[in-house]
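The next block holds one structure in the form of structure tokens; read it before the comments.
Just so we're on the same page: letters track the sequence lines, and every chain starts at 1. Every value quoted in this text rests on a predicted model; they were computed, and no experiment measured them.
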Amino acid sequence: MSAARSTPAMGQRPSRRGLLGALLGAVAAALVAPRRLLASALGKTRRPRWGMVIDLDKCTGCQGCMVACRAENNVPVNGPDESGRDRGIFWMDMLTQRTGEYPDLSIQFVPTPCNHCENAPCVKVCPVGATYLSEEGIVAQIWARCIGCRYCTTACPYSRRYFNWRAPSWPEETKSYLNPDVATRPKGVVEKCTFCHHRLRAAREKARAEERSLTDADVRKLPACAESCPAGAILFGDLNDPDSEVSLLAKSPRAFRLLEELGTHPKVVYLREAKWKE
Amino acid sequence: MNRRGISRRDLLRTAGLAAAGAALAGCGEDDPYALPKPPVPGAEGWHKGRERWVATSCGHCQAGCGVRVRVVEGRAVKIEGLPGCPLNRGGLGPKGQAGLQLLYHPDRIRGPLRRDGPRGSGQWKRVPWEEAFEEIGRTLRELRSRGEPQSLLVVDGDPRGTSAELWERFLEAYGSPNHANHRSVTDGGKVLAMAYMHGVPELPAYDWDSTRYVLGFGASLFESWCQTIHLARASSQLRRGMPGRRVKFVQVSARFSVTAAKADEWVPIEPATYGALALGLAHVLIREELHDAELVREHTFGFEDWKDADGRSRRGFRDLVTKDYPPEKVAGITGVRVATIERLAREMTEHYPAVALADGGAAAATNGLGTAMAIHALNALLGNLERPGGILVQRSAPLAPWPLVEQDEAARKGRGLPRLDGAGGPSCPLGQGYVQGLPEAILSGKPYPVQALVLYKSNPVFSKPDGRRWIEALRKVPLVVSCSPLPDESTFWADFVLPESTYLERWELVEPVPSVGHPIAGLRQPVVRPLHETLSGGDLVIRLAKALGAPVAGAFPWDDLKAAGLERLKGLAEAKTGSIVEPKLTKLRDEMQKAGGWWAPGYSFEDWDSAFRTPSRKFEFFSQAIAARLAQVFPDPEDLEARLDALGVATRGDDLCLPHWEPPRFAGDPAEFPFVLVVYRGIDHAEGGARHLPWLRELPAAGRAAWKERVEVHPADAEGLGIADGDRVVVESPAGRKILTAQVQPGTRPGTLGIPLGHGEWPPDPAAQGQAGGMALLVSSSDPLAGILALQGTRARIRKDGAA
């Protein structure tokens, strides 16, 4: 996949780095090219580590991403009862942190999908292997294998896993809008954000049909939340690729991850909100 | 695997068709995989597994974001933003996303209904469209032949767009002046400020790309601004799009809203004092000579004192702010410190171009017009008018006009009568009508009785104050027709329901609410076959006109809305500019269908000759139009004086024509009702259109209170009253009493209660009797001259349910 990316991305880079960079780039390209050929000849390609960057400074708290997620992933309506008990299912949720007293107040809006931790506590506790870290870094869940023990919902320090307390239901007519690409989950299983892996699969198939590899441009707005975000605050991509937009943004001085100190190594990177300074 | 499956299926299909012969071609009734063809011209027949994307224009609010809808086997399964649309550039907010729940809503009305029991009994009978139109048409024809065409009233919730133009056309031909809109309850103040100071009765447009400083006066940019989604994109650009530079956004508001939280600085203020703050800022700008003297000198009128045609000396804006609004006085009114006022004024001039934004809500008070004008006046002082980064006048798309309506004598006579919503008359001399005054007009029968009422995109019993009066008024009108696609509190009292189709099922040309300045014309097209027996608003008007026969039918020479729209597209075909240059009409339409619309980027800045359409052809600090209207309605100055006294207006003389501020009035005795109600529009429901959509009710920020009607209380106030978060509380105002769920929130200004509009029971409960929704607590008071509803105008008290 890096081969396909090289053309447009490298066309831009030298100009930014200046003359010296251009020279170095040319040398590097000459060195890299045979190695890449070698890697593909051996059938060994670097696997992506999918990750997401959410810029809290761009986010306006509109919650469009949350509705987009529910529409895309067939998350049923919670209804007054479940909402009242705080049992609502939101693969993409909104943390609202209020601090201060009138008039010195702040509210932080934090859109929170699954962090797809590299060292995922939920994976470790699953007794049946229903949840696992995929080869590309997505914390996946096999609905049919889940026995509903809820160890994972307890283990997740981010509360990003949801148990189906009741059978999902839709009024007959609204079944029309169900996304045919995503299975619905039965009562008694845990469900969670998948980074829209069905979209990833479709994008990959499309690229393959066009006889090219997946590029950063193919995926940067791939999940439903990222695609809908009017502020362009949510981006998706390969954290293993040093040139991907998410990798570059993850190096920002504003970057942080939720509860990093727990050693979970989340792959959702946040960019801190800033305020205007003179 | 898939590919093989499809090709095998295709093979079977082809074989089947060949066997059946030409008679079945393209129809495929015997084909087990064939499903009904969607009503999109040029769409191929589609079969199982087939999906496509349809570009169209969102209709959930008036912003007109471009969307593309994923349709799988004829079912709409996802809505995304349209990357090419200059407004949202591929993004989409929660409302746009939730369109699917509107389309497939189980409570939708399936077809035209006629009342089949007493009014309000909820008993209906399905009737064919023809019958409904014929019966309504008969009544309307009778009214007309009796010489009372003016007694038809259309309350239209959409002030712009094709449907509104068709209703206006209908009334023009029929002979009624009564096309009332909701503006006095929504963004009326802002529109009036533009009308009187710019001479353009429409919301302003903005050039966000070059703006360097934003001062919002209660501007709900990220919640219920008319272009919220466009603003989300713009703000992201202003904050993070220019390396090393960030645009400062300061929000002034009473309540700590989402917008306030996202702003760089929040300035809390007393409710309904925004105008005073704006004038205080103007005072500092002028005193320290920070204002754009060149623009003010060349392109404005009424800044300095001036002499009128009679040689009388008239007051200018400079004199007014210099004498009347020193920061010390303003600080006392607003609660904003003098140092803050002075700093904000300086900051704005240090970061050119800065813009001052008014919000419909900020100007919604008994001092509304003066407030809206005061805020708008800052833009002239800051020198941003018609300049990059500033306030623009939205250019409209060059759509071809429809032929003029030929009016007969009856129509001319009816149209010449005063309007029921008071526009231009003594009850609302400076407004464009006040919809909240209609119940009084209907119940009093003055200036003349209402015999027929059409509610289009309007549910006044819920979304306007004084729902009970509205019910009384509806019950008094002999014929009430509602066009609501869903049952609601007003439809309940109708005689006929002509259900409108949703925006995902119809053809329509869309002119979005002002945004970026350059022309945009969206094209809405059906993404699925209409699910029920419904008609688009435009088709309703056309069919009704045809049922009426001559002369009204003559004004509608088209078969349907699509044909009417196509005629207007001729203008775009001839324009030879914009995103699609195509002289052939049908081809242009096809291209627009693919692209979702037509737009022509680029704005001619500093086009001073055509920018202002005021009497002076300049920006008017002193509105000569206001002076003229007052002189016209009250030819005798003593009449005006008496009227102002009667209305309790404190301002006199030239100040009425200038941006000014006077103390707001609140209904309710402070001793009895110690709290001020601060109602607001959130991103979920605005003021009434979306509470039936579970995805919007359950926006995660709502948390446990998602399905509840709520009231926000400051922690100290709550503690004093023994109220805890989540408690059931009784809120009472002079207008009504409601049981709500308390949310103890530090962002609520002490001494105020925050109430989100648009929340309420679903399905609508007829037993609520006009007491549903937050508006039920508001007293219907208005800016006495301009008719702007005072959302900030009611006091209330609160106690824990069960407490004495």
Side-chain angles (χ1 to χ4, degrees), chain A residues 55 57-68 70-72 77-80 83-86 88 90 92-96 98-103 105-109 171-181 205 209 221 224 227-233 271 273-277, chain B residues 72-73 75-81 88 90-94 96-98 100-101 103-106 221-222 228-233 235-236 239-240 246-249 256 258 261-262 264-266 268 531 683 694-696 698-701 703-704 706-708 714-715 745-750:
Chain A
D55 190 334
D57 205 22
K58 287 186 176 177
C59 171
T60 62
C62 81
Q63 307 174 74
C65 51
M66 288 120 205
V67 179
R70 299 184 85 181
E72 177 71 15
V77 166
N78 301 319
S83 294
R85 293 186 203 189
D86 235 347
F90 296 99
M92 180 61 135
D93 201 355
M94 170 81 100
L95 274 182
T96 316
R98 294 165 202 271
T99 46
E101 281 178 29
Y102 200 98
L105 289 158
S106 88
I107 307 181
Q108 179 79 70
F109 300 102
E172 195 51 39
E173 276 165 77
T174 64
K175 285 179 183 163
S176 284
Y177 65 62
L178 289 180
N179 181 356
D181 300 344
E205 272 168 20
K221 296 226 166 177
E227 179 165 12
S228 86
C229 182
L271 302 181
E273 189 170 7
K275 296 284 178 195
W276 181 86
K277 282 197 293 279
Chain B
V72 178
E73 295 172 7
R75 301 179 297 118
V77 301
K78 187 73 173 61
I79 305 179
E80 303 286 3
N88 54 326
L92 196 61
Q97 291 282 354
L100 298 174
Q101 287 194 327
L103 176 65
Y104 294 112
H105 202 290
L221 292 184
F222 303 141
T228 300
I229 299 312
H230 174 61
L231 249 296
R233 190 176 72 81
S235 81
S236 142
R239 289 178 162 188
R240 288 282 148 203
R246 179 192 183 87
V247 169
K248 185 169 184 183
F249 169 38
F256 191 62
V258 172
K262 295 304 297 187
D264 292 288
E265 183 184 343
W266 173 53
L531 300 181
I683 197 163
W695 281 336
L696 294 180
E698 293 186 353
L699 287 183
R704 285 185 174 214
W707 290 82
K708 296 180 177 137
H714 186 269
Q745 284 190 1
T748 313
R749 188 173 178 87

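Chosen from B:E80, B:R239, B:H105, the residue pairing most often with chain A at heavy-atom distances under 4.5 Å is B:E80. Contact count versus chain B (heavy atoms, under 4.5 Å) is highest, among A:L271, A:T174, A:T96, A:L95, for A:T174. Of the residues considered (A:G64, A:C65, A:P103, A:P80), A:P80 shows the highest number of contacts with chain B, using heavy-atom pairs under 4.5 Å. Ranked by non-hydrogen atom pairs under 4.5 Å with chain B, the options A:A233, A:P180, A:G61 are led by A:P180. Between chain A and the options B:F222, B:W707, B:F249, heavy-atom pairs under 4.5 Å are most frequent for B:W707. By number of non-hydrogen pairs under 4.5 angstrom with chain A, the leading residue of B:P94, B:G93, B:G91 is B:P94. Across A:S176, A:A231, A:C229, the residue that shares the most heavy-atom pairs under 4.5 angstrom with chain B is A:S176. Here B:A701 is the residue among B:A701, B:G81, B:P694 with the most heavy-atom pairs under 4.5 Å with chain A.
Between the B:S236 side chain and the A:K58 main chain, no donor and acceptor come within less than 3.5 Å of each other. Judged by distance alone, with hydrogens and angles left aside, the side-chain atoms of B:R246 form a donor-acceptor pair with the main-chain N or O of A:A274 at under 3.5 Å. In this structure a side-chain-to-backbone donor-acceptor pair under 3.5 Å is missing from A:E101 to B:P746. Panel note: side chain B:K262, backbone A:C59; a donor-acceptor pair is recorded below 3.5 Å.
The part of A:R98 that comes within reach of chain B is its side chain, from C-beta onward, which places non-hydrogen atoms under 4.5 angstrom from that chain. A:K221 does not touch chain B: none of its heavy atoms, backbone or side chain, sits under 4.5 Å away. No part of B:H230 comes within reach of chain A, as not one of its non-hydrogen atoms sits under 4.5 angstrom from that chain. A:Q108 does not touch chain B: none of its heavy atoms, backbone or side chain, sits under 4.5 Å away. With a threshold of 4.5 angstrom between heavy atoms, B:A76 approaches chain A through N, CA, C or O but not through any side-chain atom. With a 4.5 Å cut-off on non-hydrogen atoms, B:Q745 touches chain A through its side chain but not through its backbone. Looking at B:E698, the atoms closer than 4.5 Å to chain A (heavy atoms on both sides) sit in the backbone and in the side chain alike.
Across all non-hydrogen atoms, the minimal contact from A:Y102 to B:T748 is CD1-O, 3.6 Å. Closest approach of A:S228 and B:Q97 over heavy atoms only: CB-NE2, 2.9 Å. Of all heavy-atom pairs spanning B:S235 and A:T60, the tightest one is OG-CG2, 3.8 Å. In this structure, B:P106 and A:E173 approach most closely via the heavy-atom pair CA-OE2, 3.8 Å. The two residues B:G747 and A:L105 come nearest to each other via the heavy atoms CA-CD1, 3.6 Å. Of all heavy-atom pairs between B:P700 and A:M92, the closest is CG-O, 4.5 Å.
Salt bridge status for B:D264 with A:K275: absent, with no side-chain N to carboxylate O gap under 4.0 Å.
Within the model, atoms CH2 of B:W266 and OG of A:S106 stand 11.5 Å from one another, a figure rounded to the nearest 0.5 Å. The OH atom of B:Y104 lies 14.5 Å from the NZ atom of A:K175; values are rounded to the nearest 0.5 Å. Between the CE atom in A:M66 and the CG atom in B:L699 there is a gap of 8.5 Å [rounded to 0.5 Å].
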Q) Run the side chain to side chain contact (heavy atoms under 4.5 Å, CB included) check on B:V77 and A:E72 step by step: do they pass? A) CA-CA 8 Å; B:V77 301; A:E72 177 71 15; over 6 Å; no
Q | Criterion side chain to side chain contact (heavy atoms under 4.5 Å, CB included) on B:R240 and A:D55, from CA distance to verdict | A | CA-CA 9 Å; B:R240 288 282 148 203; A:D55 190 334; 3.9 Å; yes
Q: Check the pair B:T228, A:C62 against side chain to side chain contact (heavy atoms under 4.5 Å, CB included), reporting the backbone distance first and the verdict last.
A: CA-CA 9 Å; B:T228 300; A:C62 81; 5.6 Å; no
**Q.** side chain to side chain contact (heavy atoms under 4.5 Å, CB included) evaluation trace for B:R75 with A:Y177
**A.** CA-CA 6 Å; B:R75 301 179 297 118; A:Y177 65 62; over 6 Å; no
